[in-house]
K.L.:
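Sharing a structure here in structure tokens format.
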Amino acid sequence: MTAFEEFGVLPELGKATDELDWTLPTDVQAEAIPLILGGGDVLMAAETGSGKTGAFCLPILQIVWETIRDLQSGKPSKKGGSAAGAVAPWTMSFFDRNNALAVTPDGLRCQSREFKEWHGCRATTGVYGKAKFYYEATVTDEGLCRVGWSTQMANLDLGTCRYGFGFGGTGKKSNNRQFDDYGEAFGKADVVGCMLDLQRLEVSFTKNGAALGVAFKIPENLRNDTFYPAVVLKNAEMLFNFGKTDFKYPPGNGYVAVCQAGPDHSAPNPLASPAANTAASKPAPNAPQAIIIEPSRELAEQTYNQIEKLKRYVTDPDVRPLLLIGGVRLEEQKAELQKGIHIVVGTPGRLEELINSGLVQLTHCRFFVLDEADALLKQGYTDLIDRLHKQIPKITSDGCRLQMIVCSATLHAFEVKKMAERLMHFPTWVDLKGEDAVPETVHHVVCMVDPKIDTSWQQLRQSIRTDGVHDHDNIHPTNLSPETLSQAVKLLKGEYCIRAIDQHKMDRAIIFCRTKLDCDNLEQYLRLRGGQRYSCVCLHGDRKPQERKQNLESFKRQQVKFLICTDVAARGLDITGLPFMINITLPDDKCNYVHRIGRVGRAERMGLAISLVSTVPEKVWYHGEWCKTRGRNCNNTNLTDVRGCCIWYNELNLLGEVEEHLNITIQQVDKSLEVPVNDFDGKVVYGQKNLNKGTGYVDHVEQLVPTVRKLTDLELQSQSLFLKRLKV
Ligand SMILES: Nc1ncnc2c1ncn2[C@@H]1O[C@H](COP(=O)(O)OP(=O)(O)OP(=O)(O)O)[C@@H](O)[C@H]1O
């Protein structure tokens, strides 16, 4: 049995984890997997590289596989099952309903989050014979609803055929598409009493106990039919009481609760059994069970690949994931969707586009995952997330509650907590440190770049092309103005980058720059300084999707040594055994420091992160909304306060913010960029597992030797004393 199986994971998934060399679940996996398998909403806050992706992919794959297996065999799914089959006899039906309408496991609450169309449902039992029947329906959420009675012949859109008699929230009654004013409007928290008098063949309603009069005369030809409580909803929710608990407004006047109709006056709904209607709960091919949102196409691709690897042995039924990212032809994605998919991994824009156009249906979605959730919120996707969440039924069409999983290494943000309060259902925090933290495997240092002390920038023979913010400034080595010093920092950082590479004999590193232009300039400079020695590629938003993909691949395959990128690659990218990273400039957002340096020191391997920090303010580009070209060929070097496109960047302040956020002081190294070995652990090899983990172990044993000897002597003494006593 693999270690993962002990946490309740399927043997087929356990086999795949074994092949990936995941011998033991990481801490976050050990906590989160059972919680997710148990049906809970989870917020996963754990360090970079701690295996969060596996922590949600494994249980999702498992539950999705179980669900499709059950659907294919015609069995109701586990969680909806008991309610669907066994709860007798008075509930709303799990089967006699439209797909987008969900029924809670107790069968007493219906919800539809579809806001364009009506979706209906009928009860599991109906009434007939000369008697008077009553039930109550309470509006529990805003939206449109119509409630009443219908026969088995009626369609589910209550009131639109001859066999359904409904009363709607807008104050209209309807039968056979004839909508007439009746009673008064009702809405959230109102209780509608539904009365059926089969002696007089009349349907009437009450609102909060007040009688609204006879709504319909039932035609004589329906006298012997069975009538079922029925509802139809548009983005609304209603709660039903068939008389099992006290009515809020008991009807009197000879009406009895439907659930007390007795065997002579009630009959089961033939369409309410699983066998009768498996098709109704069968998802359409384009209705996935899980939706995973990632902030960048690279991350979406990575998570998709991880799912592919983990699902290798999960067959019969096959679980089909699909990647939905921009830059891929829509036609291709449409074709895949029609073939049938179960898990969708995508970026927010493309996902919403496909959902809005109906190409992805949310009717059977039971997992809503936000990976790097704080990034999604910071990128402005709060409304999009809220919109999607609103559209997903909270109870799936097979009676399962929607599970939401949210993760990041920097989840301790106000916006995340607000979102969790708004959207999640009693979530459990899996929070191993209680604050944003850097893994112990990441050795991170800063090197101050001080152009006043290090004046080598004045004599550089070859230098990096800078970003041009000082093109209109009067800069000259003899004039140490802020502008000159700022330009000097840019030149020095190019040199320090090369020095860091040489000093640590780096043959693999990820290098972060602040802007796309900085990336391009550094790429050009590294190539200039030595083709193969500093071979590099860029990854940023101005590069075409295909080029981005190729560049990342060639870096992963070690065909090039350096990957130069903006924060587009700060999060989540998992490059096995990456030993080094360099921050040419600290990120604007302190959280991204954690993510950037977390590209190294993953999966227990050691990594070194070096950040270059300017001691003087540096003038940099900042293209706001007012910048017509959004930075492309922009040469407005004025400051933003005069609607220009530049700001003064204060890295010392940023460093202070990062240190305060992480509650640490980051070690400083001098301009030689040598990292003192003793301060960390001189024996480690960056990029490899720390085999010396527990250094001092030898010392430790040596220290313990005298104590252990003493203990052995004492043990001997006590045993001989005991033996002596026995002899006495
Ligand atoms: N149980 C395990 N044992 C060994 N390696 C693992 C285990 N789980 C995951 N890994 C590996 O650890 C690496 C990091 O995992 P993952 O990308 O899921 O980290 P993460 O927590 O999502 O990091 P980030 O916050 O940077 O996105 C991956 O290469 C993955 O294959």
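Remember, it's 1-based here, ligands and their atoms both numbered in the order they're listed.
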K.L.:
Under 3.5 Å, N or O to N or O, is Lys52 touching ligand 1 that way?
P.N.:
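Yes, since at least one N or O of Lys52 sits under 3.5 Å from an N or O of ligand 1.
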K.L.:
Short question: side chain of Gln333, backbone of Ile325 - any donor-acceptor pair under 3.5 Å?
P.N.:
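Pair found, side chain donor or acceptor close to backbone of Ile325.
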K.L.:
What atoms of ligand 1 come closer than 4.0 angstrom to any heavy atom of Glu47?
P.N.:
21 (O)
K.L.:
Can a salt bridge be assigned to the pair Asp507 and Lys561 using a cut-off of 4.0 Å between side-chain N and carboxylate O?
P.N.:
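Judged by the 4.0 Å cut-off on N to carboxylate O distance, Asp507 and Lys561 do not form a salt bridge.
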K.L.:
If the contact criterion is a heavy-atom separation under 4.0 Å, does Gly49 count as touching ligand 1?
P.N.:
yes
K.L.:
Applying a heavy-atom cut-off of 4.0 Å, say which part of Thr53 lies close to ligand 1: side chain, backbone, both or neither.
P.N.:
both
K.L.:
Please list the nearest protein heavy atom to atom 12 (O) of ligand 1 with its residue and the distance rounded to 0.1 Å.
P.N.:
Ala603 CB, 3.3 Å
K.L.:
Output every pair passing ring pair (Phe, Tyr, Trp, His ring centres under 6.0 Å) with a member in residues 549-597, not counting sequence neighbours, ordered by first then second residue.
P.N.:
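Qualifying pairs: His444-Tyr593, Phe580-Tyr686.
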K.L.:
Salt-bridge test for Asp567 and Arg514: reply yes if a basic N is under 4.0 Å from a carboxylate O, no otherwise.
P.N.:
no
K.L.:
Any idea which part of Phe4 is under 4.0 Å from ligand 1, heavy-atom wise: side chain, backbone, both or neither?
P.N.:
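The part of Phe4 near ligand 1 is the side chain, not the backbone.
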K.L.:
Identify, with sequence neighbours excluded, every residue that meets side-chain hydrogen bond (donor to acceptor under 3.5 Å, both in side chains) alongside Asp374.
P.N.:
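For Asp374, the residues satisfying side-chain hydrogen bond (donor to acceptor under 3.5 Å, both in side chains) (neighbours in sequence not counted) are Ser408, Thr410, Arg571.
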K.L.:
Relative to atom 26 (O) of ligand 1, which among Arg602, Glu604, His595 owns the nearest non-hydrogen atom?
P.N.:
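Among Arg602, Glu604, His595, the closest heavy atom to atom 26 (O) of ligand 1 comes from Arg602.
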K.L.:
Using modelled atom types and a 3.5 Å cut-off, is there a donor and acceptor pairing between side-chain atoms of Tyr649 and backbone atoms of Asp588?
P.N.:
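Yes, Tyr649 side chain to Asp588 backbone: donor-acceptor pair under 3.5 Å.
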K.L.:
Tell me whether Trp621 contacts the main-chain N or O of Asp467 through its side chain, where contact means a donor paired with an acceptor under 3.5 Å.
P.N.:
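Between the backbone of Asp467 and the side chain of Trp621 there is a qualifying donor-acceptor contact (under 3.5 Å).
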K.L.:
How far is atom 14 (C) of ligand 1 from the closest protein heavy atom, and which atom is that?
P.N.:
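Nearest neighbour among protein heavy atoms for atom 14 (C) of ligand 1, to 0.1 Å: Asp574 OD1, 3.5 Å.
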K.L.:
Starting from atom 5 (N) of ligand 1, find the nearest protein heavy-atom neighbour and note its residue, name and distance.
P.N.:
Trp22 CD1, 3.5 Å
K.L.:
Check this for me: does any side-chain nitrogen of one of Arg557 and Glu553 sit under 4.0 Å from a carboxylate oxygen of the other?
P.N.:
yes
K.L.:
If we set the cut-off at 4.0 Å for heavy atoms, which region of Leu24 has an atom near ligand 1: side chain, backbone, both, or neither?
P.N.:
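It is the backbone that touches ligand 1; the side chain stays farther off.
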K.L.:
Contact between ligand 1 and Ser50 is defined here as a heavy atom of the residue under 4.0 Å from a ligand atom; is it met?
P.N.:
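Per 4.0 Å heavy-atom rule, Ser50 contacts ligand 1.
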K.L.:
Would you call Glu336-Lys339 a salt bridge at under 4.0 Å N-O?
P.N.:
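Salt bridge: yes.
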K.L.:
Numbering the atoms of ligand 1 from 1, which are under 4.0 Å from a heavy atom of Gln29?
P.N.:
1 (N), 2 (C), 7 (C), 8 (N), 9 (C)
K.L.:
With a heavy-atom distance limit of 4.0 Å, tell me whether Arg571 approaches ligand 1 through its side chain, its backbone, both, or neither.
P.N.:
neither
K.L.:
Do any nitrogen or oxygen atoms of Gly51 lie less than 3.5 angstrom from nitrogen or oxygen atoms of ligand 1?
P.N.:
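By distance alone, the answer is yes.
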K.L.:
Go through the side-chain N and O atoms of Glu435 and His661 and say whether any donor and acceptor fall under 3.5 Å apart.
P.N.:
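Result is no, nothing qualifies.
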K.L.:
So, does Thr26 sit close enough to ligand 1 that a heavy atom of it is under 4.0 Å from the ligand?
P.N.:
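The answer is yes: ligand 1 sits under 4.0 Å from a heavy atom of Thr26.
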K.L.:
Need the ligand 1 atom indices (1-based, order shown) with element for anything under 4.0 Å from a heavy-atom of Arg599.
P.N.:
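That gives atoms 26 (O) of ligand 1.
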K.L.:
Under 4.0 Å from a heavy atom of Thr48: which atoms of ligand 1 are those, numbered in the order shown and with their elements?
P.N.:
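So the atoms of ligand 1 that pass are 23 (O), 24 (P), 25 (O), 26 (O).
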K.L.:
Would you mind checking if Glu415 and Lys378 are paired as a salt bridge, meaning a charged N to carboxylate O distance below 4.0 Å?
P.N.:
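Judged by the 4.0 Å cut-off on N to carboxylate O distance, Lys378 and Glu415 do not form a salt bridge.
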